[in-house]
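Input: a single structure, listed below in structure tokens.
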Amino acid sequence: MTKTDLFETQKVDTIESSTTSNHVDVENTNEDDISVKRYDPNADKKRLFYIFYVRKHINHLNFIFYLAACMGSITLVAYLSIVQPFIFHTILKITENQGNLTGELALYDEIIALPATLFWGVLSDRIGRRPVYSAGFLLLGAALMIYPRVDNVYPQMLLCRLLFSLGSSAATCMMTGTLGDVAGAIHERGRVSAIVGLCAGCGGLIAGMVLINIPYHLQQRYGGEVQGIKAAFLIVGGGAIALSILLFLTMPATGKGQADGVAGWFKKTVLKKEIEDEDEKEIISPWKLLKYGFKAGRDPRVALAYLSSFVARADTVLFSSFMSLWVIQYYVKLGWCDADKGITCYPAAGGTHKLTGYGQGISLAFAPFFGYAAEKLEKSTVLAFAGFMGAIGSLPFAFTKTNPAHDSNMIFVTMTGIGQMGVIIVGMTLVNGLNVDPKYRGSVAGVFSFCGALSIMFTARLGGYLFDAWMHGAPFVIIGAVHIIICLFSIYVRIVTPRLKREDIIREEKRLKQLEQKRLERVAERAAERKHTEATSTAVDPSYSQPL
């Protein structure tokens, strides 16, 4: 077996196990434990649901609620994007310039999300993922409960949107960061990412097929379409706050202490105290954590992961926001959505329901395929395929002349959804790869989400402007363009991957040699301490003998 083959199979698990343990516990672990962790790839792992390995401290309840958090975060983000046009038209009575307003709100949303994702990522490396996740859902719920009760776009809706942005940036950042903390075997992270992607896709499906219909089921009870929308947001927001409490009680306690050096930096720099705790001897400032997250992008595989976040977030927001807006505008022109005449927008909700069902529903069936392919094939190859599928689906759909919800467009929407699912799953697998130091995983996840926020800032604003100024399908031209870009970059990464793997092996062998040298030095220090103790005791008491 060659070195490359060894790296591709069991050695990757061995390296990951030793990397995770030795970065944190080498100072406090005896030599026998280190040896076990180095040569037994399953020393710190256990099987869950007979499907994949997880960290040994993760139980069934932890993993189930992690999946619930993944599903819930995408559900809430997609729900607001889908229903916001209905708030414009039904509650605020805005009938023109909706594309620009949608793009502007998304732009301001991401101006807050850009620094917030970095903050949440670095913070999670110190206090853990669980409190950050819980705080994110608390903010999401609060924002949703007051969102439909605004009287204007500026400043009231904008302030609600900014509060929502703080929560969504925390939730989406932790979805990525927690994946690497939970998954136990690196060669099985494809299937774990597939399960997470499946739950995320179900979240989009729930928002587009279930939650969007709640206002119209409640309008009879609460006295009209407007009150039905307000009651629906109250229910969804309350559910998010309830989930926040449950996550705080049930999510795995991961990430905490991965960067213990932050405490050392705080004590030495801010409190001006001497450092006594061995775990804090290595000074790691928050700026170093943040710097590592960006420097990791020098590795083409991490850069590809960051680009996948850019594309995936553009897909999610443009698809959900402008798909719904396009359908509403089409029905408004037909006169089928006019609150002044007592005609509700329920037909438009039905059209959005149909498109979401095809785009998200069928793509869910491909989640296991992308997860399996990410394990068996080069991830860059799989990502190139996902980019190609997204491009050939969104570009023809952008120029359709018929009703966007017409049956003839379903094949294009489906291919766009398949491409979106592939980018999400493979991107999460890449960003939690072997070449990312577990100590800085939260910071890398923060930059990963930062790239997604940057994507929304530009693509949503540009899409909103072109929606009004050019054509309603313009946002899908943008989706097609970014899919072409990631397809081409994935091909480049696939070409350079063999060289990167050779460099990984050399770097890891060097790290293991340094670790072995450090272990031998500690053994020598302990032996010297024992000899010194024996010599001192003998000098004091000549009859002293070292106990066997």
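A distance-only check finds a donor-acceptor pair linking the side chain of R129 to the backbone of S124 [under 3.5 Å]. Side-chain N or O atoms of S490 include one that pairs as donor or acceptor with a backbone N or O of I486 at under 3.5 Å. The backbone N or O of Y222 sits nowhere less than 3.5 Å from a side-chain atom of Q227 that would complete a donor-acceptor pair. In terms of modelled atom types and a separation under 3.5 Å, the side chain of T400 and the main chain of P396 share no donor-acceptor contact. Not a single donor-acceptor pair under 3.5 Å links the side chain of S455 to the backbone N or O of V311. The closest donor-acceptor contact from the side chain of R494 to the backbone of T381 lies at 3.5 Å or more, if one exists at all. Between the side chain of S168 and the backbone N or O of V77, no donor-acceptor pair lies under 3.5 Å.
Relative ring orientation between F399 and W470 is described as perpendicular, the plane-to-plane angle rising above 60° on a 0-90° scale split at 30° and 60°. Ring-plane geometry between F322 and F467 is classed as tilted, the angle between the planes lying from 30 to 60 degrees on a 0 to 90 degree scale. The aromatic rings of H472 and W326 stand perpendicular to each other, their planes meeting at an angle above 60°, with 30° marking the opposite boundary. Taking the six-membered ring for Trp and thresholds of 30 and 60 degrees, F370 and F366 have ring planes inclined between 30 and 60 degrees apart.
Screening F248, Y66, W120 against Y133 for a side chain to side chain contact (heavy atoms under 4.5 Å, CB included) leaves a single residue, Y66.
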Worked verdict on Y79 versus F233 for ring pair (Phe, Tyr, Trp, His ring centres under 6.0 Å): CA-CA 10 Å; Y79 178 67; F233 268 80; 5.2 Å; yes
Stepwise ring pair (Phe, Tyr, Trp, His ring centres under 6.0 Å) check, F489 with Y492: CA-CA 5 Å; F489 189 66; Y492 163 74; 5.7 Å; yes
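Rounded to the nearest 0.5 angstrom, H89 NE2 and Y331 OH are separated by 14.0 Å. Once rounded to the nearest 0.5 Å, the distance linking CD1 of I87 with OH of Y147 reads 6.0 Å.
Between F450 and F294, the ring centre distance stays below 6.0 Å.
The number of heavy-atom neighbours closer than 6.0 Å to OH of Y154, taken from other residues, nucleotides and ligands shown, is above 12.
Between the side chains of T117 and S449, not a single donor N or O lies within less than 3.5 Å of an accepting N or O.
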